[in-house]
Amino acid sequence: MKLPVVLRDDYTMYLELHDGALWFHTDVHRWSQEVKKKHIEDLDLLQYLTNVPLLALIEDTNTKLAKFAKLTGWNTFKPVEANDKKYTIFIRSKKWVV
């Protein structure tokens, strides 16, 4: 079950615990340079607070979402296949100094 953890007018961020990993989801309602900046700030803070790598699953045909992921600091991790579809798991992990 996805749990909303960041609620903004322009987007909502969710976390989902599955198989011992934290999976990230986001719904974007509006996008601009200002929204991008705030989205990355919130994502960085979420990353800091969870202190574990976050994972996201993107279908290989969804090139727009893959571009969005890279734009917001995600890296490709590994390919997977499920239900006759190909996906890429993206990972976001940083070492933080407080």
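Worth knowing before you read on, the calculation uses all heavy atoms, side chains too, and leaves out hydrogens, waters and symmetry mates. In this chain, numbering begins with 1 at the start of the sequence shown.
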(request) Report the C-alpha distance between Val5 and Leu46 in whole Å, list the side-chain angles of each, state the deciding distance to 0.1 Å, and finish with yes or no for side-chain contact (heavy atoms from CB on, under 4.5 Å). (result) CA-CA 8 Å; Val5 292; Leu46 185 60; 4.0 Å; yes

(request) Report the C-alpha separation of Arg8 and Asp42 in whole Å, then their side-chain angles, then the decisive distance to 0.1 Å, and conclude whether the salt bridge (Lys or Arg N to Asp or Glu O under 4.0 Å) test is met. (result) CA-CA 10 Å; Arg8 302 273 185 218; Asp42 285 341; 2.8 Å; yes

(request) Begin with the C-alpha distance, continue with both residues' side-chain angles, and end with the deciding distance and a verdict on side-chain contact (heavy atoms from CB on, under 4.5 Å) for Met13 and Phe24. (result) CA-CA 7 Å; Met13 295 179 176; Phe24 177 83; 3.8 Å; yes

(message) Test side-chain contact (heavy atoms from CB on, under 4.5 Å) on Leu15 and Thr50; report intermediate values, then the result.
(response) CA-CA 10 Å; Leu15 290 179; Thr50 58; 3.9 Å; yes

(request) May I have the step-by-step check of side-chain contact (heavy atoms from CB on, under 4.5 Å) for Ile89 and Trp23, ending in yes or no? (result) CA-CA 10 Å; Ile89 296 176; Trp23 293 84; 3.9 Å; yes

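Not one N or O on the side chain of Arg92 forms a donor-acceptor pair closer than 3.5 Å with the backbone of Ala56. Under the 3.5 Å distance criterion, the side-chain polar atoms of Glu16 are left unmatched by any main-chain donor or acceptor of Leu22. With hydrogens and angles ignored, the 3.5 Å screen pairs a side-chain donor or acceptor of Tyr11 with a backbone N or O of His39. A distance-only check finds no donor-acceptor pair linking the side chain of Thr88 to the backbone of Pro79 [under 3.5 Å]. Under a 3.5 Å cut-off, the side chain of Glu41 and the backbone N or O of Lys36 do not form any donor-acceptor pair.
Side-chain atoms of Val6 and Thr12, non-hydrogen and from C-beta on, never get closer than 4.5 Å to each other. In this structure the side chain of Asp27 reaches within 4.5 angstrom of the side chain of His29, judged on heavy atoms. At least one side-chain heavy atom of Lys70 sits under 4.5 Å from a side-chain heavy atom of Thr76.
Around CD of Glu81, the count of heavy atoms belonging to other residues, nucleotides or ligands within 6.0 Å exceeds 12.
Grouping the Ile, Leu, Val, Met, Phe, Trp and Tyr side chains by contacts below 4.5 angstrom, directly or via other members, places Phe90 with Leu43. No continuous path of hydrophobic side-chain contacts links Ile58 to Val80 [ILVMFWY only; heavy atoms under 4.5 Å]. In the hydrophobic cluster analysis, where Ile, Leu, Val, Met, Phe, Trp and Tyr join through side-chain heavy atoms closer than 4.5 angstrom, Leu54 is grouped apart from Phe77.
To the nearest 0.5 angstrom, Lys85 atom NZ is 11.0 Å from Leu57 atom CG. Asp10 CG to Ser32 OG: the interatomic distance, rounded to the nearest 0.5 Å, is 6.5 Å.
Ring centroid separation for the pair Phe68 and Trp74 does not come in under the 6.0 Å cut-off.
Under the 30°/60° scheme for interplanar angles, the aromatic rings of Tyr14 and His25 are found to stand perpendicular.
Members clustered with Leu7: none, using a 4.5 Å side-chain heavy-atom cutoff among hydrophobic residues.
Taking each heavy atom of Pro53 and Ile91 in turn, the nearest pair found is CB-CD1, 3.8 Å.
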